[in-house]
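Just so we're on the same page: letters track the sequence lines, and every chain starts at 1.
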Number of protein chains: 2
Amino acid sequence: MTEQGQEARQRMVAGAADMIRRRGLNATSVRELTKHSAAPLGSTYHYFPGGKQELAAEAVRYAGSLVSKVLRRELAAGPVEGLRAFLALWRQTVLGTDFQAGCPVLAVAIEEPPAGDRSAVAAAAEVFADWEALMGAALGERGVAAPDAARLATLVVAAVEGSVALCRAKRDIAPLDAVATQLEAVLSAAVAR
Amino acid sequence: MTEQGQEARQRMVAGAADMIRRRGLNATSVRELTKHSAAPLGSTYHYFPGGKQELAAEAVRYAGSLVSKVLRRELAAGPVEGLRAFLALWRQTVLGTDFQAGCPVLAVAIEEPPAGDRSAVAAAAEVFADWEALMGAALGERGVAAPDAARLATLVVAAVEGSVALCRAKRDIAPLDAVATQLEAVLSAAVAR
DNA sequence: TCCCGGCTATAACAGTCGTCATAGCCTAGC
DNA sequence: GCTAGGCTATGACGACTGTTATAGCCGGGA
């Protein structure tokens, strides 16, 4: 069996993640997506029998895993270092696309799924939980008590996701930098305690 | 002149805000909106010559002003009290709609606007800036230095917006409560300092 | 009473949407 | 060489999109 097909499949997943983070899920059509991914329209339902929702779910998991990988690596040096890497990732995304791209996970999370098919939203929930777990564990390793570590991790993910949205609306990176300053102070204080 | 028309116009704005916070802007069609608002389709472009974007911008400003009003009132008692009211507002929204509604301002902020028409996104940016200014001023009145007050206000808005999205994805109110606990601690510490 | 203007009802325009069915290419294994 | 099957190209399905044009209703002012 040739591998060309699977390559096209992977291009579709990455392309979907890219389009969703810019326009949102509903505004991303299957036709545009295939064009953007240089993939054949007819193959969409061959690779993704569940249709658009299945493709979106996979795109969310894919984008989430890219972030998780960076997060896992950098958190090894400590929570604050991991936070810096997390922030740098989003800073790069927002600035590198001239404020046109945000987080595909957030985009999927806030759009109403078609009746009875929450698979994409569920994938978004898992990604958020994954990020929180990583950050929470790193805080725990530095002596932050469990319930506080989990809450701090949630605060980090929520605040960063929110600030990316603020940046896009304002076309200004300041909100992300403000959140960076404050979160760093909060995490540093928690770890030092 | 009868006032019936203007009433229909107001219903459309409120209805748009309600639909956008549930499904997002792109997934909200003009026809569904008029049906949901018991308003005539033909009147859409009578009241809103700028079309869907103008209606969305007004819906965002409307929703934003409702929150601002509560915020302004409750912040008079102090930043932490204002924060509590802000959080309670979103808690009620999320729980009262069984996790089906979030923030219309965020929804509009993260969707790519049609080429050349950023009016709705600009309205979202203004609403965010308004909320931040209110919170920042309240912190300033309690002795928090200006740059820190502004950054804290941004953190509050970003974290709450983000946590509402997390709640919807997970169908769980825990993220908002976690953020509530942490933000309250942060603001209390800042004010006491 | 008449008319004027804000408002609405209706239909149409030209697309696009997600999804599916089918026929055919083209390569891997025998 | 030949066949099986993964993959693709094509076209169609019905439904829905934002927007516009036009004809008409229906109330208040003269």
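Atom CG in B/Leu33 sits roughly 12 Å away from atom P in D/dT19 (whole-Å rounding). Atom P of nucleotide C/dC7 and atom CE of B/Met12 are separated by 13 Å, given to the nearest angstrom. A/Arg9 has its CZ atom 12 Å from the P atom of D/dT8, to the nearest Å. Separating the NZ atom of B/Lys35 from the P atom of C/dT8 is a distance of 16 Å, rounded to the nearest angstrom. The distance from atom NE2 of A/His46 to atom C1' of D/dC7 is 6 Å, rounded to the nearest whole Å. One atom, CD of A/Glu7, and another, P of D/dT8, lie 11 Å apart when rounded to the nearest Å.
Phosphate contact (OP1/OP2 of C/dG6, side-chain N/O of B/Tyr47, threshold under 4.0 Å): absent. Taking side-chain N and O atoms only, B/Ser43 has no distance below 4.0 Å to OP1 or OP2 of C/dC7.
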Acceptor/donor pairs from residues 66-81 of chain A side chains to any protein atom, 3.5 angstrom cut, sequence neighbours excluded:
{"unit_1": "A/Ser68", "atom_1": "OG", "unit_2": "A/Gly64", "atom_2": "O", "d": "3.0"}
{"unit_1": "A/Ser68", "atom_1": "OG", "unit_2": "A/Asp130", "atom_2": "OD2", "d": "2.7"}
{"unit_1": "A/Ser68", "atom_1": "OG", "unit_2": "A/Trp131", "atom_2": "NE1", "d": "3.3"}

Anything under 3.5 Å between a protein N or O and an N or O of nucleotides 13-19 of chain C, put it in a table, one pair a line.
{"unit_1": "C/dC17", "atom_1": "OP1", "unit_2": "A/Ser29", "atom_2": "OG", "d": "2.7"}
{"unit_1": "C/dG18", "atom_1": "OP1", "unit_2": "A/Thr28", "atom_2": "O", "d": "3.4"}
{"unit_1": "C/dG18", "atom_1": "OP1", "unit_2": "A/Val30", "atom_2": "N", "d": "3.4"}
{"unit_1": "C/dG18", "atom_1": "OP1", "unit_2": "A/Lys52", "atom_2": "NZ", "d": "2.9"}
{"unit_1": "C/dG18", "atom_1": "OP2", "unit_2": "A/Val30", "atom_2": "N", "d": "2.9"}
{"unit_1": "C/dG18", "atom_1": "N7", "unit_2": "A/Arg31", "atom_2": "NH1", "d": "2.6"}
{"unit_1": "C/dG18", "atom_1": "N7", "unit_2": "A/Arg31", "atom_2": "NH2", "d": "3.4"}
{"unit_1": "C/dG18", "atom_1": "O6", "unit_2": "A/Arg31", "atom_2": "NH2", "d": "2.7"}
{"unit_1": "C/dT19", "atom_1": "OP2", "unit_2": "A/Tyr45", "atom_2": "OH", "d": "2.6"}
{"unit_1": "C/dT19", "atom_1": "OP2", "unit_2": "A/Lys52", "atom_2": "N", "d": "3.1"}
{"unit_1": "C/dT19", "atom_1": "O5'", "unit_2": "A/Tyr45", "atom_2": "OH", "d": "3.2"}
{"unit_1": "C/dT19", "atom_1": "O4", "unit_2": "A/Arg31", "atom_2": "NH2", "d": "3.2"}

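Screening residues 97-106 of chain A for side-chain hydrogen bond (donor to acceptor under 3.5 Å, both in side chains), with sequence neighbours left out, gives A/Asp98-A/Arg171. Screening residues 149-162 of chain A for side-chain hydrogen bond (donor to acceptor under 3.5 Å, both in side chains), with sequence neighbours left out, gives A/Glu132-A/Thr154, A/Asp148-A/Arg151.
Residues passing the side-chain hydrogen bond (donor to acceptor under 3.5 Å, both in side chains) test with B/Arg118, sequence neighbours excluded: none. Shown here are the side chain to side chain contact (heavy atoms under 4.5 Å, CB included) partners of B/Ala150, two or more places apart in sequence or in another chain: there are none.
Salt-bridge annotation for A/Arg23 and B/Glu111: absent, with no side-chain N of the basic residue lying under 4.0 Å from a carboxylate O of the acidic one.
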